[in-house]
K.L.:
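Please see the structure below; I have some questions.
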Amino acid sequence: MSMPTLPYRGTTLAATLAGSALLATIAAPGASAHNVLIDSSPEDGATVDTMPDEVELVFNEEVLEGGNAITVVGPDGNTDYAEGENVRLDGTSAAVDIAPLEEAGAYTVDYRIVSADGHPIEESISFTLAAEALDDTDAAEEAQEEADTGGEETQATNEEDEDTDGETAADTNPLAGNTWLGAAAALLAIGVIVILVVRAVRHTGSGNSEDS
Ligand SMILES: [Cu+2]
C-alpha cells in the first residue's frame, strides 16, 4: 500500500493520486481482512470524568472467539484493572469489566482480538481518568451504604413520595376534591330529606306509635 507511487514515477501528481485511489479500491476487499477499531468506550484519547465500569471496543467487523484479551493498565504502569478472564464478545464488540479505577491519570487499554479473517491483531488505546471520577465513586459508595443500611428511611421516603403524588394529583385536578365535597353534601341533604319525609309520613299517617 505504501509503494503504489513507484510504478507511476514520472506521471503527474493527479495521476498518481488517482492510481492510488484505484489501487485502494481494488485492494479494499482483500484488505478488509483485519478488523479496524471504529469506536470505543471510553473513547481513545478521551478524558473521563465518570468512573467507567467496563471498556468496550467496537470494530468494523465481527470479533471471533479464541485468544481475545484486553488489559486496562493504570497510571502506575503495572496494575491491570480488567476483571475476569473472558472478553465478552457481541458481534463487532469486545468488552471487559473493570474494577473501580483507583487513581487519576493515563490508562492504557491493550487488546488482542481475533479479526474476522481469523488473524489476531494487537493494538492499544488510552484514556485519562479525571480526579472528579474518583469523587463520584466516593459519593456513589456512600449512597450505596446508605441504601444498604437505611432500608426504613428509603421506605419512608417512598411513602412521602406517594403522599406528594396524591397532593399533586389533587392540586392538578381541583375539581376532584370539590366533587367529593359536593357528593357528600348531596348525600347529607338526601339523608336529611328522607328523615324529614319519614317523620312527616309517620306523623300524618298511622304514626301514633311514637307518641303513645
Ligand atoms: Cu489476516
Side-chain angles (χ1 to χ4, degrees), residues 1-137 140-141 144:
M1 273 303 299
S2 59
M3 295 291 103
T5 52
L6 283 180
Y8 293 87
R9 187 180 297 174
T11 63
T12 65
L13 178 62
T16 302
L17 288 176
S20 297
L22 185 63
L23 273 178
T25 305
I26 292 169
S32 69
H34 292 177
N35 289 15
V36 176
L37 186 76
I38 59 171
D39 195 12
S40 67
S41 175
E43 285 182 32
D44 188 17
T47 296
V48 176
D49 56 12
T50 55
M51 185 63 68
D53 59 5
E54 69 166 16
V55 168
E56 182 182 21
L57 306 167
V58 181
F59 297 88
N60 65 328
E61 287 188 278
E62 187 178 3
V63 180
L64 302 184
E65 299 276 352
N68 295 293
I70 300 175
T71 59
V72 182
V73 176
D76 66 0
N78 188 38
T79 308
D80 179 10
Y81 290 89
E83 288 187 324
E85 298 297 313
N86 296 317
V87 175
R88 278 181 280 115
L89 298 184
D90 183 10
T92 60
S93 159
V96 65
D97 290 331
I98 55 177
L101 305 180
E102 292 170 321
E103 55 181 322
Y107 286 77
T108 302
V109 179
D110 290 312
Y111 55 89
R112 179 185 188 278
I113 63 102
V114 181
S115 277
D117 75 342
H119 296 164
I121 59 170
E122 287 187 44
E123 288 166 355
S124 68
I125 63 169
S126 62
F127 64 90
T128 300
L129 187 75
E132 299 96 281
L134 298 171
D135 296 341
D136 283 355
T137 302
E141 281 174 5
Q144 186 59 44

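Atoms within each ligand, like the ligands themselves, are counted from 1 in listed order.
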K.L.:
Could you go through residues 94-105 and list every donor-acceptor pair under 3.5 Å that involves a side-chain atom there, pairing it with any protein atom two or more places apart or in another chain?
P.N.:
unit_1	atom_1	unit_2	atom_2	d
D97	OD1	R88	NH2	2.5
E102	OE1	Y81	OH	3.1

K.L.:
I'd like to verify the contacts: list protein N, O or S atoms under a distance of 2.8 Å from the Cu ion (ligand 1).
P.N.:
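The answer is H34 NE2, D117 OD2, H119 ND1.
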K.L.:
Report yes if some heavy atom in the side chain of S93 is under 4.5 Å from a heavy atom in the side chain of V63; otherwise report no.
P.N.:
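Of all side-chain heavy-atom pairs linking V63 with S93, none is under 4.5 Å.
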K.L.:
Report the C-alpha distance between M51 and L129 in whole Å, list the side-chain angles of each, state the deciding distance to 0.1 Å, and finish with yes or no for side-chain contact (heavy atoms from CB on, under 4.5 Å).
P.N.:
CA-CA 8 Å; M51 185 63 68; L129 187 75; 4.3 Å; yes
K.L.:
Taking side chain as C-beta onward, heavy atoms only, is V87 less than 4.5 Å from I113?
P.N.:
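They are not in contact (no side-chain heavy atoms under 4.5 Å apart), so the answer is no.
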K.L.:
Take V109 and S124 through the test side-chain contact (heavy atoms from CB on, under 4.5 Å) and record every step on the way to the result.
P.N.:
CA-CA 5 Å; V109 179; S124 68; 6.0 Å; no
K.L.:
Which label fits F59 and Y111: parallel for a plane angle under 30°, tilted from 30 to 60°, or perpendicular past 60°?
P.N.:
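Aromatic pair F59/Y111 classed perpendicular.
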